[in-house]
Amino acid sequence: MTPLAKLLEAALFASARPVSVEELSALEPEASSGELTAALDEVRLHYDTEGHGVELVEIGGGWQILTRAEYTEAIERAQLAARPQRLSAAALETLALIAYRQPIGRAEVEEIRGVNVGSVLKSLHERGLIDVVGRAEGLGRPLLYGTTPLFLEHFALRHLEELPRADELAIALRHHADARVDGIALTAEGDGASDGIQPG
Amino acid sequence: MTPLAKLLEAALFASARPVSVEELSALEPEASSGELTAALDEVRLHYDTEGHGVELVEIGGGWQILTRAEYTEAIERAQLAARPQRLSAAALETLALIAYRQPIGRAEVEEIRGVNVGSVLKSLHERGLIDVVGRAEGLGRPLLYGTTPLFLEHFALRHLEELPRADELAIALRHHADARVDGIALTAEGDGASDGIQPG
Amino acid sequence: MTTFPPDMPLSNAGYVPPGFGRQSAGDDGAFVVELTAFSGPLDLLLSLIRDEKVDIYDIPIARVAEQFLRRIRTLGLNEAADYLEMAARLLRIKAQLLLPRGESEQWEDPRAELVRRLLEYQQMREIVSLMEHRADERRNQFARAYLPDQPAPPQAPLALSLSELLSAVDRVLRAVYEPNMHDVVARPLDVPAAIEIIRSLLALKARLQWTDVVRADAKPWQVLSALLGLLELARIGELHVAQPRPFANVEISRDPSDPASEAA
């Protein structure tokens, strides 16, 4: 492709929204509008004739590179199928606290865990493992969280009382000795802190 | 490009983050890992030889399409995208220690940096560059931190092992001429090396 | 020689001056730039050592300590606890160097730990410049920014076993139940209390480690109080401070001349 077409491709790739021809002209003030249009055509044609998975489309008064529609289904399926998700150490500890201390507010969880748990609570909530179960008394009436029926279902529990009491944990854990119990291994890989849930 | 290469390109265009090979292989479960690698190579070569404004790079445990550096200024000038802010020296020092000594607790970071790092840890955690990966034994079971895949991405690393080993540091530094350390004996040898920082 | 200059406001050790740590020059221009030129006391110290062109393995402590104090006062850092702690450390080393060496075979250079820390810090700075270089390269490339609004995909099955949950419960609850002496209230130095603590610990044990006196998560004011308390007790001869090897824990023992140590 010509230098101007390459520049347009890079700019369109990096932009979060469709870009108008006027905006594109700011990229290369020397270029005439005819040259710009020709370069856009060049990008569009290149994508169409050289066998690419993307295409250049005019949309909402601007130009944008989009994934070809025929691939979107496969991409969505792959994102799902990639791996079952594991909870990060942060999400797991937060869930553990909520299970044993419910109803519990965000401030109390943060005090115990020592870090901000906003995004973790959000992802556990999206996962359907916790829900808002009430509001505390006091300033701002903070939300209180508890576990959901889906939480019980996931662990094949009929009710919360089937979880071992805190003082029986050591014994309960010995029964589950076959499982890995080191906290570090739980998060050695995955999607980072922004999101509590990660592929494992 | 071949159909598999087109599919990979479409998937890479659909993600703002590097896509892992596992996820890419889920796109076409029939494809062998050799075919997958060949298709990735095909995309990379196509970008390099057919004159594109973007390139395919291996980074952060996966593959990602990025704009070529030569277009950055023009794109920023046209306000189509903005470079993220640089990390502060305090953040970089803290990240360097966490990268080399993970899992590491706050006290150890503070010991080496000689300053309080509470707020730096908080902001690195909020930016998703570090995460809590476990808890140390001992009083209060302090939190232990490690780096995330986003950390690798930020520093254009494929994996942690790409960071130089402590005993390679002086050599590695010579490749990136930097005036900061002139005038002072380097530390790769002597009693510092055995206890020196090692990639984690 | 372990006393601070009278104009150094120790009582505000936890206070960080406004503008400290800011990333860019503000209206106060060069001043802020100077402040942020250092990421901590070790950074400032290394820069001093460079400026003074001294050998890192043979630091003229008296001169460097004096320079350090002058610089932190000029930079307005003399109220930042981390810098004060380093100042106290330098003064302690200076004092130790003035002590008679006795039989030289056992003599441990009191600067050894500082040199170790400086070298370790310097090594970290090497990694930082390397990482900075790579981050700059990456900053010059943009990732795909446009991501279509997809309907939230159905979620992948969750991989989480009951034993994983229970171990997590165990981990967090242990963290909760273990005694937490963490003092979150910022306050000025309390050297008399620190001296009391050290004295009572020494009454129990003839030898202490630095970590017995100061907990790993101690606030800067606690560290500094303990340090000053130790210095004071060492000065009046109630105890002896030593380090078996560079970077090892500081060992505190009753002064050999103290008859109480005979009993231990």
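Numbered from 1 within each chain, the chains take letters A, B, ... in sequence-line order. In this text, all values refer to a predicted model and were calculated from it rather than measured experimentally.
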### Task
Could you look at B:Ile59 and say if it's the side chain, the backbone, both or neither that has a heavy atom under 4.5 Å from chain C?
side chain

### Summary
If one checks every heavy atom of C:Met131 against chain B at 4.5 Å, the contacting part turns out to be both

### Query
Taking it one step at a time, do C:Asp43 and B:Arg113 satisfy salt bridge (Lys or Arg N to Asp or Glu O under 4.0 Å)?
CA-CA 9 Å; C:Asp43 197 19; B:Arg113 286 204 48 227; over 6 Å; no

### Task
Taking the side chain as every heavy atom from C-beta outward, state whether C:Glu120 and B:Glu111 have any atom pair closer than 4.5 Å.
no

### Interchain contact, B:Leu92 with chain C, by part (heavy-atom threshold 4.5 Å)
both

### Message
Within this structure, what is the CZ-CZ distance for the pair C:Arg134 and B:Phe155, rounded to the nearest 0.5 Å?
### Response
10.5 Å

### Message
Taking atom CD as the centre, does B:Glu73 end up with more than 12 heavy-atom neighbours from other residues, nucleotides or ligands that are less than 6.0 angstrom away?
### Response
no

### Task
Check for a donor-acceptor pair, side chain of C:Arg138 on one end and backbone N or O of B:Ala156 on the other, with a separation under 3.5 Å.
no

#### Entry: side chain to side chain contact (heavy atoms under 4.5 Å, CB included) evaluation trace for C:Tyr121 with B:Glu93
CA-CA 9 Å; C:Tyr121 183 81; B:Glu93 290 185 3; 2.6 Å; yes

### Query
Taking B:Gln64, B:Glu108, B:Gln85 one by one, which has the highest count of heavy-atom pairs under 4.5 Å against chain C?
B:Gln64

### Summary
What one should report as the nearest heavy-atom pair of C:Ser39 and B:Ala90 is CB-N, 4.3 Å

### Message
Any non-hydrogen side-chain atom of B:Val115 less than 4.5 Å from a side-chain atom of C:Pro41?
### Response
yes

#### Entry: Side-chain heavy atoms of C:Gln141 within contact of B:Glu55, under 4.5 Å
yes

### Task
Please examine the side chains of B:Leu66 and C:Phe142, heavy atoms only from C-beta on, and report whether any two atoms are closer than 4.5 Å.
no

### Query
Hey, is the main chain of B:Ser15 close enough, under 3.5 Å, to the side chain of C:Arg144 for a donor-acceptor pair?
no

## Note on the structure
Interface check, chain C: of B:Pro18, B:Ser119, B:Gly114, B:Gly118, most non-hydrogen pairs under 4.5 Å belong to B:Gly114

### Query
Does B:Tyr100 reach the side chain of C:Gln123, with side-chain heavy atoms less than 4.5 Å apart?
no

### Query
How many angstroms lie between atom CG of B:Leu97 and atom CD1 of C:Ile127, to the nearest 0.5 angstrom?
7.5 Å

### Pairing of C:Arg139 and B:Glu153 as salt bridge, 4.0 angstrom limit
no

### Query
Do B:Arg86 and C:Asp136 pass the side chain to side chain contact (heavy atoms under 4.5 Å, CB included) test, and can you show the C-alpha distance, the side-chain angles, and the key distance before you say yes or no?
CA-CA 8 Å; B:Arg86 281 198 178 87; C:Asp136 272 350; 2.8 Å; yes

### Leading residue by heavy atom contact count with chain C [cutoff under 4.5 Å; candidates B:Thr67, B:Ile75, B:Val54, B:Leu95]
B:Thr67

### Task
Enter the distance from C:Asn140:CG to B:Arg68:CZ here, rounded to the nearest 0.5 Å.
14.0 Å

### Query
Any idea which heavy atoms bring B:Ala16 and C:Ala143 closest together, and the distance?
O-CB, 3.7 Å

### Message
At a 4.5 Å cut-off on heavy atoms, which part of B:Arg83 comes close to chain C: side chain, backbone, both, or neither?
### Response
both

